[in-house]
Number of protein chains: 2
Amino acid sequence: MFQQIKTMFSKSCEYAIKAMIFVAQKSKEEQRVGIKEIAKGTDAPEHFMAKIMQDLSRRKLIHSAKGPNGGFYMDASDLKNSIADIVKAIDGDTIYKDCVLGLKVCSEKNPCPVHFEFKEIKKNLIKMIENNTLAAFNEKLDSGKFFLRNK
Amino acid sequence: MFQQIKTMFSKSCEYAIKAMIFVAQKSKEEQRVGIKEIAKGTDAPEHFMAKIMQDLSRRKLIHSAKGPNGGFYMDASDLKNSIADIVKAIDGDTIYKDCVLGLKVCSEKNPCPVHFEFKEIKKNLIKMIENNTLAAFNEKLDSGKFFLRNK
DNA sequence: ATAATAAAAGAGTTTTTTATCTTTTATTAT
DNA sequence: ATAATAAAAGATAAAAAACTCTTTTATTAT
Ligand code: FES
Ligand code: FES
C-alpha cells in the first residue's frame, strides 16, 4: 500500500470543524462570514466547503443569510454546539456505536477481540468531543495561540 | 449527507486486523490457513482479502506458502506483532503524527484549536494498539468469548 | 515429468468521497 | 422595479477506496 491517508475524521468533517471554529471566532460581534472568506481562512476548496456549510445549515448547527451582507453566522445557542455535534452531523455517530472492526453489532455480549480494549479509548474520545464546545474554544483560544491555515 | 460511514480504521485495515487475529488463533499448532478460510471466517470478500494478505505478507507481518498444503501462518515472532503494526502497515502512521484537522504540521508550536485536547486521546490510543499483540489476544481470548463473524 | 493446489500478481469494475462548475433562489440596496 | 449580492441547489468530474475476475508463479504429491 502506498502513502495512504486515513485520519480520524473524514475530509468533509475536518473542513466542517475548521469552518465552525472560524465562523465562531468571527461571530462574536454579529459579523457574517461569506463562503469565500471561510474557504480562504481554512484552506478548503470553496465550492466543496459551500456544500458542507449547506449541510451544517440544514442541520441547524449554523445560521445563514442570503443576499448582500449575507453569509454564515452563529448565535449564542449555536456556540453551544460541540465538536461532537459537528462530527455527528457530518460523519454520523458511528464512533459512538460501531464496532472498531466493522462487525454488525458491538456489545458486551457479542464483543470482537478488540472490543474491551477500545471501549475506554472510545469513552474518552467521546467525552472529549462532547465537552469541547465552540464557545469554549472561543474563550480559551482568543489570543492567536492556535492556527487553522496551513502556510 | 447520507448514511455515511467513517470508522476509526479503513475497511482494508479492519479486514487486516480480523485476518491477523484469525490466523493467529489457528497458528498455535503449525496450521496453515487458506485465503478462502480466512475470508469466510472474517466475512470479508475473498479476492479483496487476498490483496490485503499479500500486503501483510510483503511487509513481513505474516508468512505464506504456495502450493498444496500452503496458506498463511505465523511463527512466534509474527505473534509479537501488535495491532499498531497492522494499522501502520495498512493505514500508515498518520494517527501518530497527523493533525486531527488535517493541517500540514502538527506540533506544540503550531497547534490547531483541538491539538491539546486530542493529544491525550491519541497518546492513549497509540499506547493501547501498541500494547495489544496478537499473542496477547491469543492468550487472553482462547475460549470462544469473542467473535469475528457477523452472523 | 505431470497434475493439482494455492498464493502472487495483474488488470479491471464499482462505489464512495472529494472537488468543480453552473443555475436558481432569496435578500438587500438603489 | 432593477441590479447586485450571496447562499442553495443541481449536475458533473476527478480521485480514492473497495471489490472482482483472470493469469501467472511456486510448491507439493503422484
Ligand atoms: S464488538 Fe468490536 S468494538 Fe465492540
Ligand atoms: S495541530 Fe491539529 S492536532 Fe496537532
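Note that the coordinates shown come from a computational prediction; the quantities given were computed from them, not determined experimentally. So you know, we letter chains A, B, ... as the sequences are listed, proteins then strands, and number each from 1.
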Presence of B:N69 side-chain N/O under 4.0 Å of C:dT5 phosphate oxygens OP1/OP2: no

Are B:S12 and D:dA18 close enough that a side-chain N or O sits under 4.0 Å from OP1 or OP2? yes

Hey, does the Lys NZ or Arg CZ of A:K88 hover above the aromatic six-ring of A:Y96, less than 6.0 Å from the centre and inside 45° of the axis? yes

What is the distance from NZ of A:K36 to P of C:dT20, rounded to the nearest Å? 15 Å

base_contact_polar (D:dA7 base, A:Q54 side chain, donor-acceptor, <3.5 Å): no

Ignoring backbone atoms, test whether A:Y15 places a side-chain nitrogen or oxygen under 4.0 Å from the OP1 or OP2 oxygen of C:dA19. yes

Within this structure, what is the NE2-to-C1' distance between B:H47 and C:dT14, rounded to whole angstrom? 15 Å

Between A:S57 and D:dA7, does any side-chain N or O lie under 4.0 Å from OP1 or OP2? no

Report yes if at least one side-chain N or O of B:S64 is closer than 4.0 Å to OP1 or OP2 of C:dA8; otherwise report no. yes

Residues B:E120 and B:K123 bridged, charged N to O under 4.0 Å: yes

Just checking B:A50: base, sugar-phosphate only, or nothing, at a heavy-atom cut-off of under 4.0 Å? nothing

Checking the side chain of B:D43 only, and the main-chain atoms of B:N150 only, is there a donor and an acceptor separated by less than 3.5 Å? yes

Could you give the CD-to-P distance, from A:E46 to D:dA8, as a whole number of Å? 13 Å

With sequence neighbours left out, what residues match B:F146 under ring-ring contact (aromatic ring centres under 6.0 Å, His included)? none

Any N or O donor-acceptor pair linking the side chain of A:K11 to the base of C:dT17 at under 3.5 Å? no

Side chain of A:K51, base of D:dA9: donor and acceptor closer than 3.5 Å? yes

On DNA chain D, check which nucleotide each of B:P45 and A:A65 is closest to and give me the residue with the more 5' one. A:A65

Across all strands, who's sitting opposite C:dT28 as a Watson-Crick or G-U wobble pair, both distances under 3.5 Å? D:dA3

Within the pair A:R58 and D:dA8, is there a side-chain N or O less than 4.0 Å away from OP1 or OP2? no

Using a 6.0 Å distance limit plus a 45 degree cone around the ring axis, check whether A:K140 lies over the aromatic ring of A:F137. yes

